[in-house]
Amino acid sequence: MNLMDRIAAVFKRGTGEVRPQNVTYDQSILDAFGVAPTASGQTVTPVSAMRVAAVFACVQKIAGAIATLPINAYRTDGDIKARLPRDDLWFKLNEQPAAQFTAASHWEGVSMAQLLRGDAYTLIRRNPVTNAVVELLPLPWGCVSPVRQADGSVRYYVAYAEHGINRWFEPADILHFPGFGFDGLTSMSVISYAARAAVGNALAMDEYSGKFFSNGAHPSIVLNAPNKMNAEQIERLQQAFAAKYSGAGNFHRLPLVLTEGIAAKELSLSAADSQLLEARQFQVIDIARAFGVPPHMIGETSASTSWGSGIESMSRGFVTYTLQPHLVRIEQELNRKLFPRNTGRFLQFDRDALIEGDSKAQAEYNRAALGGPGTGMGWMSVDEIRKSKGLAPIGGAAAEIFDPRTSQATPQANPQGQP
């Protein structure tokens, strides 16, 4: 019996119905619904994981970085590529894929689903006559069911009531953006695999910290009385003590005054003594490690010099080792579904946009691109750099590329970069 058959059997209604509260669920069923508790006792789901600040920050950093990158269409003939003019497809990818969505929210949703669920889906709606893309509709993860067919192919069943969709779709109609570990059907989510225990521990420590401070600065106190007390007296003393000194509203409000020879002795360790703060710091680093985000990018700077020359190296590593795989997966899915093979056209994220906010890095890149005496051959002209900034070309020498072999600029054949 496969997983879906076991799930159906558990919830099957009829004579002798077994109520859910009396059922011991199979581990595979718990994993399928994402409700299996961790060793810390916390149930980690994509929703509960986003309540952890470190998880929220990691997802936000990756999704936000991808959403800021423009996607351009190119045409290539051999090894030389030329950017194509903006068209309706460019508008859908960079501005508005569907009536209710901006492109930024679409790509942020794609990244969130990849990281938290493993896979993301977008429906391609086409003109039935021209086959042109009319809309790219983001699909909630729970509305899509990829099912492997008997012949090994995969079809997608979409139940999206808000848009009146309840039918099967072929792979050509669904943009399936996989995460790491794709097996042809589903991928491995960061939350379910790499960060599950760390997120569970973080949730447990958040709960413990909240209870610690809600009960007062000294939650475990022993009151020693010189004489014997009966059960009623003990209960009244406990309630009176809790009413005056427990709870956030009573922090440091009144001095502790004990009479009748009663003495107070603290049993519990403070949060610092029990290394709660250190443990919470470690969980932040562990979660950042699972997502591939340098800890300093989510506010944890204690290990900022552990990689290369420090924060600068870690930031470059974030682009190279974290963002790059996500960008390649998205690009490959877009290209194979939106452009026919052998047309010479393809879509690509503009990775240079990542350094737009770094004026120093951008200036160094531009100087290297221009070339010059002692620098070497240039590969861009002044006008090309001006064009990338939205500035009008100057013409003349500004449209020429420096060639050290002649110690002068060489005229560019096509300064505007048009096909």
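What you see is a predicted model; the values in this text were computed from it and never measured. Just so you know, these numbers use all the heavy atoms, side chains as well, and skip hydrogens, waters and symmetry mates.
- More than 12 non-hydrogen atoms from other residues, nucleotides or ligands lie less than 6.0 angstrom from CZ of Phe91.
- How far CD of Glu135 is from NE2 of His163: 7.5 Å, rounded to the nearest 0.5 Å.
- Geometrically, Arg167 engages Phe169 in a cation-pi contact defined by less than 6.0 Å to the ring centre and at most 45° from the axis.
- The number of heavy atoms from other shown groups lying within 6.0 Å of OH (Tyr193) does not exceed 12.
- Annotation: the span from Leu89 atom CG to Leu93 atom CG amounts to 4.5 Å, rounded to 0.5 Å.
- Ion pair Glu95/Lys92 not flagged as a salt bridge, since none of the NZ, NE, NH1 or NH2 atoms sits closer than 4.0 Å to an Asp/Glu carboxylate oxygen.
- Side chains of Leu69 and Asp350 form no contact here, defined as non-hydrogen atoms less than 4.5 Å apart.
- Across Pro140, Pro146, Pro138, Cys143, a single residue satisfies side chain to side chain contact (heavy atoms under 4.5 Å, CB included) together with Tyr121, and that is Pro146.
- Checking Ser187 against Asp119 by side-chain atom types alone, a donor-acceptor pair falls below 3.5 Å.
- Looking at every heavy atom in both residues, Leu185 comes nearest to Arg148 through CB-NH2, 3.6 Å.
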Quick one: do Ile165 and Leu137 satisfy side-chain contact (heavy atoms from CB on, under 4.5 Å)? Show the steps, please. CA-CA 11 Å; Ile165 303 173; Leu137 181 64; 4.0 Å; yes
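- A distance of 6.0 Å separates CG in Leu84 from CZ in Arg75, rounded to the nearest 0.5 Å.
- Classification of the Phe346-Tyr74 ring pair by plane angle, with boundaries at 30° and 60°, yields parallel.
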Apply side chain to side chain donor-acceptor pair (under 3.5 Å) to Asn166 and Tyr160, showing your working. CA-CA 6 Å; Asn166 191 17; Tyr160 197 2; over 6 Å; no
Passes side-chain contact (heavy atoms from CB on, under 4.5 Å), Leu334 versus Phe177? Steps please. CA-CA 9 Å; Leu334 289 174; Phe177 301 106; 4.1 Å; yes
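- Looking at heavy atoms from C-beta onward, Ile174 lies in side-chain contact with Leu139 at the 4.5 angstrom threshold.
- Between Val55 and Val190 there is no side-chain heavy-atom pair separated by less than 4.5 Å.
- A heavy-atom distance below 4.5 Å is not found between the side chains of Ile298 and Phe291.
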